[in-house]
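Labels below follow one simple rule: chain letters A, B, ... track the order of the sequence lines, proteins then strands, and each chain is numbered from 1.
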Protein chains: 2
Amino acid sequence: MSDLRVTVDIVIFTVRDGALQVLLVKRGVPPFAGQYAIPGGFIHADESLEAAAIRELHEETGVRNLFLEQLYSFGDPRRDPRGRVITVAYYALIASDKLSVVAGADAAEAGWFAVTKVPPLAFDHQQILACALERLRNKLEYTTVGFQLLPAKFTLGELQSVYEAILNRKLDKRNFRRKIALLKILKPLRQYQHTGRKPAQLHRFAAPTKS
Amino acid sequence: MSDLRVTVDIVIFTVRDGALQVLLVKRGVPPFAGQYAIPGGFIHADESLEAAAIRELHEETGVRNLFLEQLYSFGDPRRDPRGRVITVAYYALIASDKLSVVAGADAAEAGWFAVTKVPPLAFDHQQILACALERLRNKLEYTTVGFQLLPAKFTLGELQSVYEAILNRKLDKRNFRRKIALLKILKPLRQYQHTGRKPAQLHRFAAPTKS
DNA sequence: CCAGTATAGTGTCCGCGAGACACTCTGTCA
DNA sequence: TGACAGAGTGTCTCGCGGACACTATACTGG
């Protein structure tokens with residue numbers, strides 16, 4: 001049990017340019033120097049796993065209060081050539097209007113990559129990313145995580161684009177709108193977005209109106 | 001990061017006497033001496049998390065080749081009064097016909113407890129157990145984990161009892177049988193079980209017959 | 001031996017959710 | 001002012017799942 005260390009790695013997703021993207025940092029030191037990796041770091045002596053994840057997330061993106069969920073723990077004895085390192089992986093979703101703050105303090109070189117076009121990753125990070133993607137896609141079906149990726153006000157078209165970007169396939173507009181309407185968690189606003197041809201009604205995420 | 005340790009804890013379920021039960025061990029040393037806890041132990045230097053779980057499971061029950069799945073990692077800094085201990089929790093299912101070997105090598109005092117009647121547990125093990133229960137119940141709905149709890153040959157009535165024990169509610173016999181039949185994973189045998197009043201046909205778990 | 005009983009086994013109706021599918025409307029821009 | 005791009009809107013159908021009740025039969029005990 002001599003020198004065992006525990007890290008927290010965070011798969012940070014956003015949707016930009018109509019594609020699901022993930023934040024990766026370029027490693028400056030061996031092993032895997034020059035390769036991209038999922039951001040993460042060692043846990044401090046007196047912080048919980050989740051607190052460590054929140055801290056790392058803030059360091060990388062400058063943002064707090066995101067959706068964050070524990071994913072899985074990876075502990076193959078040879079996953080890190082430097083020694084025994086177990087990692088507890090998390091994944092997070094950041095709204096597209098908050099990610100201007102990207103490439104924060106300590107990230108030597110960080111960047112967003114479409115999940116369909118990630119470069120080779122260090123360690124077992126390819127596996128972690130695959131695990132996060134699978135979880136996100138599953139959660140999308142039976143929860144409302146998708147809303148975490150949008151600004152406070154958004155159109156139904158934008159919401160559908162987010163779903164399509166995550167699932168990587170086209171959805172039927174009418175079926176999608178029906179499904180969302182059934183959830184009763186959107187409040188239509190008296191505002192319209194005038195960026196396209198015909199203005200689209202803006203909506204706000206809201207708990208279902210209690211009886 | 002000085003002295004951080006990592007354990008693997010395993011919530012081991014079985015169905016006995018028509019109730020979902022969990023294996024607990026009585027602690028012989030402080031902290032929480034005399035209280036029950038979920039079996040577990042430290043990971044060895046050169047074994048993966050899953051290998052550690054398999055090893056612990058074998059030590060506790062004498063059984064290998066069970067259903068085993070990683071559950072969640074718990075890392076609150078104060079979850080163990082002795083110091084910083086992070087635990088990676090797993091849960092396992094053991095078939096009712098294999099659990100004669102219970103109370104294996106190192107368990108000072110071990111016993112099965114109905115999940116509705118567990119004593120107060122050491123550390124945050126109550127929380128871990130709750131987490132495992134929730135996962136098991138969810139998995140039961142959309143996977144075939146339930147079959148892991150039965151011997152190779154079983155009746156449909158026994159299968160339904162297992163489901164009812166886990167979900168802790170009665171199920172409709174005809175709906176249940178229809179649902180199972182739709183899965184096409186059971187092979188009816190030319191054998192009947194004569195323990196009750198009217199003999200019941202035995203079935204065997206089998207992959208769906210490929211076209 | 002027979003009456004009682006406990007468990008095995010079986011089919012229909014209904015409601016909900018989800019997929020397939022096409023047209024009109026309208027503000028903007030050229 | 002005409003073309004266009006995106007907004008918005010209903011119906012049919014199918015599969016899944018819940019609610020619901022009776023017959024069949026082997027074993028048991030008197």
Side-chain angles (χ1 to χ4, degrees), chain A residues 15 17-19 96 137-146 150-151 153-204 208, chain B residues 15 17-19 96 137-146 150-151 153-204 208:
Chain A
V15 171
D17 309 328
S96 52
R137 284 177 177 150
N138 283 333
K139 280 259 167 175
L140 198 64
E141 312 255 341
Y142 64 97
T143 69
T144 57
V145 279
L150 286 164
K153 298 175 182 176
F154 52 87
T155 68
L156 294 177
E158 289 168 340
L159 180 61
Q160 185 174 346
S161 295
V162 165
Y163 272 69
E164 289 176 342
I166 295 174
L167 298 174
N168 201 26
R169 64 186 161 93
K170 285 288 174 191
L171 300 175
D172 180 86
K173 199 193 329 188
R174 283 167 295 185
N175 293 339
F176 179 77
R177 286 162 110 99
R178 176 183 51 191
K179 175 183 170 135
I180 299 299
L182 259 297
L183 296 176
K184 292 179 182 168
I185 49 174
L186 288 194
K187 187 188 179 85
L189 304 175
R190 295 191 154 275
Q191 300 174 37
Y192 290 81
Q193 192 179 72
H194 290 265
T195 60
R197 300 299 180 135
K198 180 180 176 182
Q201 189 168 24
L202 286 166
H203 294 255
R204 180 167 69 75
Chain B
V15 170
D17 309 326
S96 52
R137 285 177 176 151
N138 284 332
K139 280 259 167 175
L140 198 65
E141 311 256 340
Y142 63 97
T143 68
T144 58
V145 280
L150 287 164
K153 298 174 183 177
F154 53 88
T155 69
L156 294 177
E158 290 168 340
L159 180 61
Q160 184 173 347
S161 296
V162 165
Y163 272 69
E164 290 176 340
I166 295 175
L167 298 175
N168 199 28
R169 63 186 161 93
K170 286 286 173 192
L171 300 175
D172 179 85
K173 199 198 321 191
R174 283 168 292 184
N175 293 339
F176 180 78
R177 287 162 110 99
R178 177 183 51 191
K179 174 181 170 137
I180 298 299
L182 259 297
L183 295 176
K184 291 178 182 165
I185 49 175
L186 288 195
K187 188 188 179 89
L189 303 175
R190 297 191 154 276
Q191 300 174 37
Y192 290 80
Q193 193 179 70
H194 291 266
T195 60
R197 299 297 179 137
K198 180 179 175 181
Q201 189 168 22
L202 287 166
H203 294 256
R204 180 167 69 74

Within this structure, what is the NZ-OH distance for the pair A:Lys198 and A:Tyr192, rounded to the nearest 0.5 Å? 9.5 Å
Could you tell me the separation between the CZ atom of A:Arg178 and the P atom of C:dC16, rounded to a whole number of Å? 13 Å
Grab the CZ-P distance between A:Arg197 and C:dC29 for me, whole Å please. 7 Å
If you pin B:Asp172 and A:Asp172 to their nearest nucleotides in DNA chain C, which one's is more 5'? B:Asp172
Would you call B:Arg178 and B:Leu182 a side-chain contact if the rule is heavy atoms closer than 4.5 Å? yes
Calculate the interatomic distance between A:Leu167 atom CG and C:dG19 atom P; express it in whole Å. 11 Å
Measuring from the side chain of B:Lys198 (C-beta onward, heavy atoms only), which nucleotide among C:dG9, C:dC21, C:dT28 has the closest atom? C:dG9
Comparing nearest nucleotides in DNA chain C, the 5'-proximal residue of the pair B:Thr155, B:Asn175 is B:Thr155
In whole angstroms, how far is the C1' atom of C:dA8 from the OH atom of B:Tyr192? 10 Å
Please round to the nearest 0.5 Å and tell me the distance separating atom OG1 of A:Thr143 and atom CG of A:Leu183. 10.0 Å
B:Arg177 side-chain N/O to C:dG9 phosphate OP1/OP2 under 4.0 Å: yes
Send over the distance from B:Gln193 CD to C:dG9 P, rounded to a whole Å. 10 Å
At what distance, to the nearest 0.5 angstrom, does CG of B:Leu167 lie from CD of B:Glu141? 6.0 Å
Could you check A:Gln193, A:His203, A:Gln191, A:Glu158 and say which one makes a side chain to side chain donor-acceptor pair (under 3.5 Å) with A:Lys153? A:Gln191
Write down the distance between NZ (A:Lys184) and C1' (C:dG17), rounded to a whole number of angstrom. 14 Å
Measuring only between side-chain heavy atoms, which start at C-beta, is A:Arg169 closer than 4.5 Å to A:Leu171? yes
Earlier contact from the 5' end, DNA chain D, for B:Lys173 and B:Lys179: B:Lys179
A:Ile180 CD1 to A:Tyr163 OH distance, which is reported to the nearest 0.5 Å: 4.5 Å
Could you check which residues of residues 156-166 of chain A get a heavy atom under 4.0 Å from DNA chain D? Sort them by number, please. none
Can you confirm whether B:Arg137 sits close enough to B:Asn168 that some side-chain heavy atom of one is under 4.5 Å from a side-chain heavy atom of the other? yes
Just the endpoints, please: which first and last nucleotides of DNA chain D, 5' to 3', lie under 4.0 Å from a heavy atom of chain B? D:dG17 to D:dT28
Is it the case that the base of C:dA20 and the side chain of A:Arg174 share a donor-acceptor contact (distance under 3.5 Å, atom types as modelled)? no
Quick one, B:Phe176 and B:Leu156 - any side-chain contact, counting heavy atoms below 4.5 Å? no
